[in-house]
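These notes concern the structure reproduced below.
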Amino acid sequence: MNEQLFLSDEKIFRNLNPQQVEAVNKLDGPLLIMAGAGSGKTRVLTCRIANLIAQGISPWNILAITFTNKAANEMKTRAEKLIGTSAKSIVLNTFHSFCAQVLRREIEITNKFTRNFAIYDANDSKALIKRCIVELKLEEDKFSNTHFRISDMKNNLISVEEFKEKAATSDIKEKNIAMIYDLYQHKLRENNALDFDDLIFIMVKIFKRYPEVLDRYQERFQYISVDEYQDTNYAQYVLTKMLAEKYKNICVVGDADQSIYGWRGADMRNILNFERDYPKAHVVKLEQNYRSTKTILTAANSVIENNFDRKPKTLWTKNESGEKIKFVLCRDDKEEASKVAQEITRLIERENFRYNDIALLYRTNAQSRMFEERFLRSEIPYLIVGGLKFYDRKEIKDIIAYLHVIGNPRDSVHMMRIINTPRRGLGLTNLERLNSFAEEAGLSIFEVVSDKNLFAQVPNLTAKFREGIQKFIAMMTSFMESANDVPIDELINIVIKESGYMKMIKDDQEDGKAESISREENIGEFINSAKDFVEMNPSASIQDFLNHIALISDIDSMQDEGSYVKLMTIHAAKGLEFPVVFVVGMEEGLFPSVNSFSTESELEEERRTCYVAFTRAEKKLYITSAAKRMVFGKIRERGISRFVDEIPKYCLESSSFSYAQQSVKPTFKNSVPNSYKPPTAYHAAQIAVKPATKNKSTIDWNVGDTLNHKKWGLGTVMAADMRDVTVQFANPEVGIKKLKISIAPITKL
């Protein structure tokens with residue numbers, strides 16, 4: 001190929017650095033782009049796609065996979081600016097959106113589902129699993145994590161049959177989970193519904209069972225790009241590998257240092273082993289960061305270099321050094337919230353930042369409460385990202401349920417949600433009798449009621465119920481007819497009017513229920529979203545709209561405009577950037593989480609999470625820690641996070657509380673006080689030794705306690721319960737150990 005020809009296209013290659021040019025120019029064969037945080041990977045992906053088209057590759061043959069609709073839309077917009085309307089022919093989607101589209105065309109080959117299948121969200125799936133547990137007469141509290149287990153099995157491509165075979169030699173609980181999994185899948189088929197994990201699970205099954213279908217899509221998608229490859233799970237990995245097997249023109253982009261979703265099935269080995277899967281792979285490292293200051297990058301690099309399971313890579317930048325990172329040690333979590341609120345107010349009033357320039361990141365959702373309360377008192381506007389999503393609100397889910405049934409009358413799960421909403425006097429007992437009859441007949445409620453002869457056979461239904469349910473089915477049938485003639489937004493208007501749903505809300509308003517006003521506003525906004533969707537997709541079906549809703553993530557729905565501070569977990573912040581970032585709760589047992597102390601791999605994931613948090617910041621980074629924090633109703637003392645100790649001290653500008661000046665309002669200071677003590681200062685060698693007289697098994701062990709181990713010496717308790725203590729020992733060769741209190745040779749000091 002003539003590379004000079006490529007480089008002459010100024011529009012594609014404008015302002016790319018040499019490594020980015022190398023990646024954009026590598027068009028054929030396997031390509032691994034190791035893209036550090038803020039290194040312009042979205043731009044590289046977009047320019048590479050543009051270059052493919054410029055070199056004569058048809059947009060029809062290009063597939064690009066991202067992890068959020070937001071990222072996909074951004075890439076589509078950039079591609080259109082580069083190459084014009086031909087970019088519209090590129091399939092640029094999330095894994096789940098891509099599979100949903102393919103399954104609409106191919107799923108009937110399984111003889112188990114029709115093309116108008118419903119997609120159940122997590123709440124729908126949990127409700128159906130709960131119904132299975134009840135039907136099997138099992139105790140609900142013993143199977144509370146079954147939804148997670150089934151999801152994990154599907155993400156690992158473990159079918160019902162495979163799990164039942166494995167469970168046959170296991171304990172009774174595993175056998176029961178296998179029964180739940182089996183019944184759950186049966187009910188999904190009855191309802192012509194897939195859950196979120198099924199989209200990829202069934203797609204892979206079809207490709208394996210029907211090679212001719214796989215060959216068709218391998219021919220269609222000869223050039224494949226996958227973003228955030230470090231976050232792929234096993235099912236996504238297999239799907240990608242199958243599609244790329246024929247031509248091997250696969251480009252994956254990612255950063256092992258930003259792999260933070262292991263807890264939900266992501267496997268970092270997929271990117272670390274890419275060169276094993278594709279021995280002829282070309283590797284490009286994007287290490288120039290365009291986002292953060294030199295100081296922030298130095299801190300992030302210094303932390304992540306403590307991980308062993310990674311590919312060597314060091315981010316650098318031409319940006320200015322910037323300010324030092326401000327580390328603030330607070331008395332407790334209340335003072336932490338107070339100090340953060342004061343500093344945000346100062347940034348707004350004195351440094352001309354806007355509220356939407358600022359993000360507050362925490363390790364767990366529960367940490368937001370203290371900041372929310374403080375921000376309300378300080379009149380700081382804020383938005384919780386990843387809280388209750390718009391499409392999860394009750395009134396929206398009710399209307400969505402109507403649309404599901406209109407598009408898929410076999411969907412009895414959504415049918416049961418709306419059949420008596422608004423109230424139609426259809427008693428629960430009669431509904432259960434009807435539903436049981438339908439399940440035994442292998443039919444949906446709609447099919448039973450629509451067949452007069454069959455409906456007459458349902459026993460023990462009252463005359464009033466029979467009349468009411470037939471009116472309801474007639475109404476739904478009229479909605480289905482309207483769906484063929486009117487746009488989706490108009491259909492929603494018909495539904496809320498003729499079903500009596502809007503009347504119900506209006507009646508609530510007359511009764512003085514304040515929330516009914518916001519419910520009406522939410523429905524209005526839902527109609528707006530449908531109208532926007534129709535304008536963007538004029539020929540879209542009701543299933544297309546429901547797909548769009550089902551596949552929207554928290555980040556997709558986050559508003560880009562508006563004057564408010566964003567509050568979110570670090571995991572929710574992945575892929576985002578802000579001029580000012582506060583990372584709060586930097587304490588041992590909180591961040592890193594106490595749950596990560598048992599294995600080195602879990603601790604390394606926590607460190608990667610810290611790396612992601614730091615690299616969200618562009619100009620200013622604040623880190624806070626509380627010496628004491630309320631945990632399950634008790635005040636616990638905590639040590640400063642080891643991640644703070646891994647930051648070079650010349651990058652930090654620290655301050656802490658002063659017990660002698662409690663009346664003075666806390667501020668962020670510009671000096672490093674003697675009271676700043678990194679985790680190593682908590683080593684018990686600096687504490688006077690006075691053995692406790694109580695028997696160790698009766699001692700109330702708390703986080704922060706110092707102990708002596710007969711073999712390993714002095715250590716600090718990082719987590720404790722009635723049976724075990726997790727200890728960080730002063731001797732670095734010993735490290736962290738989890739000990740059984742009743743037998744370990746330990747003494748509290």
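In this chain, residues are counted from 1 in sequence order. Values reported hereafter were calculated over all heavy atoms of this structure, with side chains retained and with hydrogens, waters and symmetry mates removed.
- Going from atom OG of Ser125 over to atom CG of Leu194 covers 10.0 Å, rounded to the nearest 0.5 Å.
- Every residue two or more places apart in sequence or in another chain was checked for a ring-ring contact (aromatic ring centres under 6.0 Å, His included) with Tyr362, and none qualifies.
- Of the options Val581, Val580, Ile325, Val340, a side chain to side chain contact (heavy atoms under 4.5 Å, CB included) to Tyr622 is made by Val580 and by none of the others.
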### Query
Passes side chain to side chain contact (heavy atoms under 4.5 Å, CB included), Phe13 versus Cys47? Steps please.
CA-CA 7 Å; Phe13 290 90; Cys47 289; over 6 Å; no

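- Of the residues listed (Lys334, Glu335, Gln342), the one engaging Ser338 in a side chain to side chain donor-acceptor pair (under 3.5 Å) is Gln342, and it is the only one.
- Between Glu606 and Arg363, at least one side-chain N (NZ, or NE/NH1/NH2) sits under 4.0 Å from a carboxylate O, which counts as a salt bridge.
- When atom types are taken as modelled, the side chain of Ser378 and the backbone of Ile380 share no donor-acceptor pair closer than 3.5 angstrom.
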### Task
Under the side chain to side chain contact (heavy atoms under 4.5 Å, CB included) rule, what do Phe614 and Ile647 come out as? Steps first, then yes or no, please.
CA-CA 11 Å; Phe614 288 1; Ile647 301 172; 3.7 Å; yes

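- Using modelled atom types and a 3.5 Å distance limit, the side chains of Ser593 and Ser596 yield no donor-acceptor pair.
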### Task
Tell me, with the steps shown, if Glu343 and Lys326 meet salt bridge (Lys or Arg N to Asp or Glu O under 4.0 Å).
CA-CA 11 Å; Glu343 182 64 3; Lys326 294 180 174 61; 5.7 Å; no

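- The CD1 atom of Ile62 sits 8.5 Å away from the OH atom of Tyr223 when rounded to the nearest 0.5 Å.
- Atom CD of Gln101 is separated from atom CG of Asp544 by 8.0 Å, given to the nearest 0.5 angstrom.
- When the side-chain hydrogen bond (donor to acceptor under 3.5 Å, both in side chains) test is applied to Ser151, the partners found at least two apart in sequence or on another chain are Asp197.
- Under the salt bridge (charged side-chain N to carboxylate O under 4.0 Å, His left out) criterion, the residue pairs touching residues 289-306 are Arg291-Glu577, with sequence neighbours excluded.
- The side chain to side chain contact (heavy atoms under 4.5 Å, CB included) search around Lys81 returns Thr77, not counting sequence neighbours.
- Sorted by first and then second residue, the salt bridge (charged side-chain N to carboxylate O under 4.0 Å, His left out) pairs with a member in residues 30-42 read Lys41-Asp227, Lys41-Glu228; sequence neighbours excluded.
- Between Asp357 and Arg354 a salt bridge is recorded (basic side-chain N to carboxylate O distance below 4.0 Å).
- With sequence neighbours left out, the ring-ring contact (aromatic ring centres under 6.0 Å, His included) criterion links Tyr261 to His571.
- Not counting sequence neighbours, the partners of Gln288 by the side-chain hydrogen bond (donor to acceptor under 3.5 Å, both in side chains) test are Asn17, Tyr290.
- The pair Arg638-Glu588 does not meet the salt-bridge criterion, since no charged nitrogen lies less than 4.0 angstrom from a carboxylate oxygen.
- Using a cut-off of 4.0 Å between Lys/Arg side-chain N and Asp/Glu carboxylate O, Arg608 and Glu605 are scored as salt-bridged.
- The side chain to side chain contact (heavy atoms under 4.5 Å, CB included) check on Pro381 picks up Tyr355, Tyr564, with sequence neighbours excluded.
- Remark: Tyr611 pairs with no residue by the ring-ring contact (aromatic ring centres under 6.0 Å, His included) rule, at least two apart or across chains.
- For the salt bridge (Lys or Arg N to Asp or Glu O under 4.0 Å) with Asp257, the qualifying choice from Lys313, Arg607, Lys285 is Lys313, the only one to do so.
- Take Asp267 and apply the side chain to side chain contact (heavy atoms under 4.5 Å, CB included) test, not counting sequence neighbours, and it matches Arg269, Asn270.
- Listed by chain and number, the residues in a ring-ring contact (aromatic ring centres under 6.0 Å, His included) with Phe533 are Phe545, His548 (sequence neighbours excluded).
- In this structure, Arg78 pairs ionically with Glu74, as a charged nitrogen and a carboxylate oxygen lie closer than 4.0 Å.
- Separation of atoms CZ (Arg629) and CE (Met370) is listed at 8.0 Å; rounding is to 0.5 Å.
- Partners of Thr293 by side chain to side chain contact (heavy atoms under 4.5 Å, CB included), not counting sequence neighbours, listed by chain and number: Thr295, Ile296.
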